[in-house]
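Following: one structure in structure tokens, then a few remarks.
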Amino acid sequence: MPRLLPRLFVLLLAFAGAAAFAQTAPAPDAALREAFLAEAGEKYGLERSEVESWLAQSDYKQGIVDAMSRPAEAVKPWKDYRPIFISDRRIREGQAFLAKHRDALQPVAESTGVPAEMITAIIGVETSYGGNTGSYRVLDALYTLGFFYPVSGKPEQVEREAMRGRFFRDELMQVMLLAKEEQLDLPALKGSYAGAMGYGQFMPSSYRAYARDGDGDGRRDLFGSLPDVFASVANYFVAHGWQKGEPVVARAVAEAGAAPFKPDTLEAKYSLAELGERGYRPTQAQGHALDATLVTFEGSEGTEHWLGFKNFYVITRYNRSPMYAMAVYQLSREIAAGQDALAAP
């Protein structure tokens, strides 16, 4: 009997903690909540009762607010960023993933023009080939960030913070609609603390806009159907202008005396002649005229200049960071090189 007392004490503490949390968890602003209910009906045709039901199942998570509030880390230079994603392990696992799923990837690559190794690299960078798709309930993440987006108190951040709150409220509406469209168990969906989901980490709006049914079962399942995942990642690229067979980047050299040049956009909008006039030229002839932009990184062996073509810009539509796009591209090349080696006699 005495042995039961410690267990009972622990249980009582747990219940007390849960009760305290229930009392302290904030409630959404009443007017904001009412506006959300109205907009969900007007914009997406969601019934008020079903939205109410999903909101009742949503939990505020302080950890999500803390993660979003955390001061942004200093941007890593390329020499430190690259090894995070271009590691021997990630390359090896990517080669194995591509080899295992080649029969499903190849038809997608042929029909869309997006190489199988590029699709694989996106999944590798986003979730380590499905090994880490997120542990937060998507419902909690979007509810928390939609109604309780952290406020810094800085006047210059007021507009941005309000915009971000609106963004996450819209994503919350869209995930409710998505659950109905794809017969998903919404309360069970897990993802990142920002609400990104599945192998490719699609936000609900991207899921609804770009996901494709790759296995022909009438649903778009980015959690459990790899054919759907492959078709969806490729379609995301195609929808943003992927150009089949065209290059992604080319190494460039700065001529002596070239002034530093940092374009204000990642769009490939400069002709090679224009970039040449600024003192930046490709190290190898490109064969035909392509518009590009200039990206500059601090690599392990010094400054690197690259010409980013339209396909580089397309990768940045998945994530706006030029280092992300370069990591995906270089990982894809390493994966492809391994496959070429396996195919060699």
Side-chain angles (χ1 to χ4, degrees), residues 77-83 85-88 90-91 94-95 98 109-110 112-122 124-125 234 237-238 240-345:
W78 176 237
K79 64 182 179 181
D80 296 328
Y81 185 95
R82 185 183 188 276
F85 299 104
I86 316 297
S87 65
D88 289 343
R90 204 175 300 249
I91 293 168
Q95 292 167 351
L98 176 52
E110 291 172 358
T112 64
V114 182
E117 62 268 18
M118 182 64 69
I119 299 170
T120 301
I122 284 284
V125 168
F237 274 37
V238 171
H240 287 85
W242 181 265
Q243 298 178 332
K244 180 178 180 179
E246 295 294 344
V248 174
V249 295
R251 193 69 182 263
V253 62
E255 296 178 349
F261 177 47
K262 185 177 181 180
D264 59 2
T265 175
L266 291 171
E267 291 185 63
K269 66 176 187 178
Y270 302 95
S271 69
L272 295 183
E274 288 176 301
L275 291 169
E277 289 173 359
R278 292 178 177 272
Y280 298 91
R281 302 181 185 279
T283 56
Q284 296 182 342
Q286 294 304 295
H288 61 289
L290 290 171
D291 287 344
T293 191
L294 181 74
V295 289
T296 301
F297 301 127
E298 290 306 316
S300 59
E301 297 181 2
T303 302
E304 300 177 10
H305 298 295
W306 295 84
L307 302 180
F309 301 110
K310 176 61 181 291
N311 284 347
F312 182 80
Y313 178 73
V314 170
I315 301 174
T316 67
R317 298 310 86 195
Y318 211 100
N319 181 305
R320 265 79 176 151
S321 164
M323 287 193 290
Y324 171 93
M326 184 63 80
V328 167
Y329 169 71
Q330 291 192 358
L331 178 60
S332 77
R333 300 312 307 147
E334 295 286 353
I335 291 170
Q339 297 300 299
D340 292 343
L342 289 174

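Hydrogens, waters and symmetry mates are skipped; everything else that's a heavy atom, side chains included, is used. Computed from a predicted structure; not experimentally measured.
- Side chains of Val295 and Leu266 form a contact here, defined as non-hydrogen atoms less than 4.5 Å apart.
- Under the salt bridge (Lys or Arg N to Asp or Glu O under 4.0 Å) criterion, the residue pairs touching residues 113-122 are Glu117-Arg333, with sequence neighbours excluded.
- With sequence neighbours excluded, the residues forming a side-chain contact (heavy atoms from CB on, under 4.5 Å) with Asp291 are Ser271, listed by chain and number.
- For the pair Asn311/Ile315, no side-chain contact is recorded, criterion being any heavy-atom separation below 4.5 Å from C-beta on.
- Tyr313 is not listed as a side-chain neighbour of Thr293, based on a closest heavy-atom distance of 4.5 Å or more.
- The heavy-atom pair separating Met118 from Ser332 by the smallest distance is CE-OG, 3.8 Å.
- For Phe237, the ring-ring contact (aromatic ring centres under 6.0 Å, His included) partners at least two apart in sequence or on another chain are Trp242.
- Phe312 pairs by the ring-ring contact (aromatic ring centres under 6.0 Å, His included) definition with nothing, not counting sequence neighbours.
- Residues Gly308 and Ala268 approach most closely at O-CB, 3.7 Å, considering heavy atoms.
- Residue pairs meeting the salt bridge (Lys or Arg N to Asp or Glu O under 4.0 Å) criterion with at least one member in residues 299-314, sequence neighbours excluded, do not occur.
- Under the 4.5 Å side-chain criterion, counting only non-hydrogen atoms from C-beta, Phe309 is in contact with Gln286.
- For Tyr329, there are no side-chain hydrogen bond (donor to acceptor under 3.5 Å, both in side chains) partners two or more places apart in sequence or in a different chain.
- Across Glu274 and Lys269, no two heavy atoms sit closer than the pair OE1-O, 4.0 Å.
- Applying the side-chain hydrogen bond (donor to acceptor under 3.5 Å, both in side chains) criterion to Thr316, with sequence neighbours excluded, gives no partner residue.
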For a quick test of your reading: what N or O donor-acceptor pairs under 3.5 Å do the side chains of residues 245-265 make, sequence neighbours left out?
from, atom 1, to, atom 2, distance (Å)
Glu246, OE1, His288, NE2, 3.1
Glu255, OE2, Arg281, NE, 2.4
Thr265, OG1, Glu267, N, 3.0

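- Here the CH2 atom belonging to Trp306 is positioned 8.0 Å from the OG1 atom belonging to Thr283, to the nearest 0.5 angstrom.
- Across Ala234 and Val114, no two heavy atoms sit closer than the pair O-CG2, 3.8 Å.
- In terms of heavy atoms, Ala327 sits closest to Ile86 at O-CD1, 3.3 Å.
- Atom CG of Leu290 is separated from atom CG of Leu307 by 10.0 Å, given to the nearest 0.5 angstrom.
- For Ser300, the side-chain contact (heavy atoms from CB on, under 4.5 Å) test picks out Lys79, with sequence neighbours left out.
- Listed here is the closest heavy atom pair of Ile335 and Ile91: CG1-O, 4.2 Å.
- In this structure, Glu298 CD and Asp80 CG are separated by 11.0 Å, a value rounded to the nearest 0.5 Å.
- Rounded to the nearest 0.5 Å, atoms CZ (Arg90) and CD (Glu334) are 13.0 Å apart.
- In terms of the ring-ring contact (aromatic ring centres under 6.0 Å, His included) criterion, residue partners of Phe85 (sequence neighbours excluded) are, by chain and number, Tyr81.
- For the side-chain hydrogen bond (donor to acceptor under 3.5 Å, both in side chains) test, no residue two or more places apart in sequence or in another chain qualifies with Gln243.
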